[in-house]
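Values reported hereafter were calculated over all heavy atoms of this structure, with side chains retained and with hydrogens, waters and symmetry mates removed. Letters go in sequence order (proteins before strands), and every chain restarts at 1.
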Amino acid sequence: MSDILTKRADDYAQWYNDLVLKADLAEHSEVRGCMVIKPHGYAIWEKMRDALDGMFKATGHVNAYFPLFIPRSYFAREASHVEGFAKECAVVTHYRLKSDPEKGIVVDPEAKLEEELVVRPTSETIIWNTYKGWIKSYRDLPLLVNQWANVVRWEMRTRLFLRTAEFLWQEGHTAHATKQDAEEETMRMLDVYARFAEEWLAMPVIKGVKTESERFAGAEDTYCIEALMQDGKALQAGTSHFLGQNFAKAFDVVFTNRENRQEHVWATSWGVSTRLMGALIMTHSDDHGLVLPPKLAPVQVVVVPISKTPEQLAAITERVQPILRSLSERGITVKYDDDDTRKPGWKFAEYEFKGFPVRIAIGPRDLENGTVEVARRDTLEKETLQVTDLAEKIEHLLQAIQSNLYEKALQSREEHTRAVDTYPEFKEAIEQGGLIYAHWDGTEATEARIKEETKATIRCIPLKGDTSPGKCMVTGAPSAQRVIFARAY
RNA sequence: CGGGGUGUAGCUCAGCCCGGUUAGAGCGCUACGUUCGGGACGUAGAGGCCGGUGGUUCGAAUCCACUCACCCCGACCA
């Protein structure tokens, strides 16, 4: 069984690839850099999407949809934004094909677009161009819009979920009357992301602000949630940007304030992507396969009958019905797998590999004893339980799994977090992986040097924790507070 | 975009150096039987333009040229 999956200790990257493919989450498509998200993977993404969407709505946001194609000239409006994305844009240059005797079908050279269309790598430009028409008065603000969409970034190297040329995400784009409102929105959504990561993904995250070199192209400040994966590498799981008035100025979005004066609006944008799937996988899964937190598992409980004869299966099915009903009544999603073309052992392995949080097995012995065997995926423990009050016990078990996963991930992060004060110490520590808190003089030069010499980047300047000043571990210059270094995905 | 590698059955690969009937293995798939509480076993079967094009040759999976695709490692990035 376990021989179909590379061990994490042997080759973590290979383990990840094997897992994604063999747990049926996604596969490489024939199209370079693009993946096919398979039903099991997509079902998890849908759970994430629904949970996040609910949190966005609860904070006053509404959904809308903007075009996939952005006129090339829009990108020229905001200087740093163009610079950030120019190198990875797919561009539509023609709008028609024609048949060709030799090649079958070719681009019709006659059908060249007057102005090329950029396939959105992100939507700030088209959205701000649109907002110009929506915002006239302070009474139109705040404007709190989100969109669920696909975006394209022409990446050199891709990895399933972590970096693909096309990916799914949500991007919130908000407009505000004051700087303070926009800043509050930025932080509000950062908190939403952090809460989602911890309560749903069961993944502890650190909230922080990015250094200038890691900042989103066009932002004044980029805030992020950073998580630590099992191999000691950090993963940026979500970002929330305070855009200042940059896009409002670039697209001339002004409103009339209460004093009848014209002002540029203040903006934010924030997003999380299918990369969260990678974060989820790498946070909890083990050498036996995928491990899913119950709140994101497409199916929380699978029931496997064990029978030798059709009569036995019928008897088991009858016994199982009230169990299924009582679980459903508690809002627990459950699947009864009475497929007789697979054997129980095969099913056990399969559901374990795919990360189903709880498995209930019921066989002839259980029929006699009024029991079932309950196995939990996170610890692989099994116990035999009386059927009485089973649903209630399962409900508690699911909660226990959810919190156990979070606790384990938190403990793992703490074990792989340390503070260092000297550069030699840092170099040694970074080889061990994990998050390293160290003092930095705040200059881009020092940051670049550290990256060059150690491949570690500043993941963020944490918002909470030790904020006492010190001296830069590299230059000895004054440092306002410790920042977090790590090698990152 | 640089460096490396791989294309042969649904999957993983052998065969290629040293050209020679009908191209192999394991897994998976199909049928039947025995099985069924942790990925069972036996028997029988199906499945291939050997990535593509062009060359060399009596003869090419095998040699040569070109080409396409994908993977891995770097630089860039959510």
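Heavy atoms of A/T384 sit nowhere under 4.0 angstrom from any nucleic acid atom. Within 4.0 Å (heavy atoms only), A/F216 reaches no atom of the nucleic acid at all. Across all strands, A/S307 comes closer than 4.0 Å to base atoms (heavy-atom distances). Within the nucleic acid shown, A/L235 has no heavy atom closer than 4.0 Å to any nucleic acid atom.
Distance, A/F348 CZ to B/C36 C1': 10 Å, rounded to whole Å. In this structure, A/E214 places its CD atom 7 Å from P of B/A78, rounding to the nearest Å. To the nearest angstrom, C1' of B/U35 lies 14 Å from CD1 of A/I306. Atom P of nucleotide B/C76 and atom CG of A/L162 are separated by 18 Å, given to the nearest angstrom.
Taking a 6.0 Å sphere around CD of A/E83, one finds it holds 12 or fewer heavy atoms contributed by other residues, nucleotides or ligands.
A/R449 has a carboxylate O that lies under 4.0 Å from a charged side-chain N of A/E453, or vice versa, which qualifies the two as a salt bridge.
On a pure distance criterion of 3.5 Å, a polar donor-acceptor pair joins the side chain of A/K382 and the base of B/G38.
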Listing time: all N or O pairs from protein to nucleotides 7-12 of chain B that are below 3.5 Å?
none

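For the residue pair A/D231 and A/Y489, a side-chain donor N or O sits within less than 3.5 Å of a side-chain acceptor on the partner. Between the side chains of A/Q386 and A/T388, not a single donor N or O lies within less than 3.5 Å of an accepting N or O.
B/C76 is unpaired under the criterion used here, namely a Watson-Crick or G-U wobble arrangement in which both key atom distances are under 3.5 Å.
Using cut-offs of 30° and 60° for the angle between ring planes, the A/W266 and A/F242 rings count as parallel. Using cut-offs of 30° and 60° on the angle between ring planes, the pair A/Y131 and A/F66 is perpendicular. Between A/Y193 and A/F56, the ring planes are perpendicular. Angles over 60° get that label, and only those under 30° would be called parallel.
Listed nucleotides: B/U35, B/A78, B/C72. Nearest to the side chain of A/K343: B/U35.
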